[in-house]
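These values consider heavy atoms only, across backbone and side chains, with no hydrogens, waters or symmetry-generated copies.
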Amino acid sequence: MADIGVFAKSARITGPSRADLQAELRERYLAGASIRSLAREMGRSYGFVRNILAESEVELRGRGGAHRRKS
């Protein structure tokens, strides 16, 4: 897979750069990467990566983990 690239923390990502980023994040997320790992790799926030994925209309996975049972 291609490198996600690191953008300046406050830089706006628009136009073709944003479309490329959406495609790359979508591909990696669908391959099993977590939102948190993608955010850490990019040096961006969880919310930023989640919004990019939502814009690319990817179906987000549930949170996972153990489920508590009612007593």
Side-chain angles (χ1 to χ4, degrees):
M1 283 183 223
D3 183 27
I4 289 178
V6 178
F7 297 91
K9 202 153 185 89
S10 62
R12 284 189 167 269
I13 303 170
T14 59
S17 295
R18 192 172 187 94
D20 292 345
L21 182 61
Q22 285 175 340
E24 180 62 28
L25 289 176
R26 178 184 174 88
E27 182 180 328
R28 286 185 157 181
Y29 183 76
L30 292 175
S34 70
I35 295 176
R36 290 198 191 284
S37 67
L38 293 170
R40 190 174 27 251
E41 221 175 292
M42 285 191 68
R44 288 292 189 132
S45 70
Y46 175 94
F48 174 83
V49 174
R50 187 184 184 290
N51 288 339
I52 292 287
L53 290 170
E55 287 173 15
S56 68
E57 299 178 353
V58 68
E59 186 175 336
L60 299 174
R61 297 187 292 265
R63 290 183 57 174
H67 297 285
R68 291 185 175 186
R69 292 187 197 183
K70 290 187 178 182
S71 302

**Those residues that, when tested against Arg40, pass side-chain contact (heavy atoms from CB on, under 4.5 Å) (two or more places apart)** = Ser37
**Message:** Quick test of your reading: applying salt bridge (Lys or Arg N to Asp or Glu O under 4.0 Å), list the pairs with at least one residue in residues 45-54, sequence neighbours left out, ordered by first then second residue.
**Reply:** none
**Request:** Taking the side chain as every heavy atom from C-beta outward, state whether Tyr29 and Leu60 have any atom pair closer than 4.5 Å.
**Result:** yes
**Asked** Can a salt bridge be assigned to the pair Glu57 and Arg26 using a cut-off of 4.0 Å between side-chain N and carboxylate O?
**Response** no
**Request:** Begin from the C-alpha positions of Leu25 and Val58 and carry the test side chain to side chain contact (heavy atoms under 4.5 Å, CB included) through to its verdict.
**Result:** CA-CA 10 Å; Leu25 289 176; Val58 68; over 6 Å; no
**Request:** Check whether NZ of the Lys or CZ of the Arg Arg44 lies under 6.0 Å from the centre of the six-membered ring of Phe48 and within 45 degrees of that ring's axis.
**Result:** yes
**Prompt:** How many angstroms lie between CG in Asp20 and CD1 in Ile13, if you round to the nearest 0.5 Å?
**Reply:** 11.0 Å
**Message:** Under the rule for salt bridge (Lys or Arg N to Asp or Glu O under 4.0 Å), what residues qualify as partners of Arg18, not counting sequence neighbours?
**Reply:** Glu55
**Request:** Go through the steps to decide whether Met42 and Leu21 satisfy the test side chain to side chain contact (heavy atoms under 4.5 Å, CB included), and finish with yes or no.
**Result:** CA-CA 10 Å; Met42 285 191 68; Leu21 182 61; 3.8 Å; yes
**Message:** Restricting to non-hydrogen atoms, name the atom on Gln22 and the atom on Ser56 that form the minimum distance, rounded to 0.1 Å.
**Reply:** CB-CB, 4.1 Å
**Message:** Leu38 vs Tyr46, test: side chain to side chain contact (heavy atoms under 4.5 Å, CB included). Steps then yes/no.
**Reply:** CA-CA 8 Å; Leu38 293 170; Tyr46 175 94; over 6 Å; no
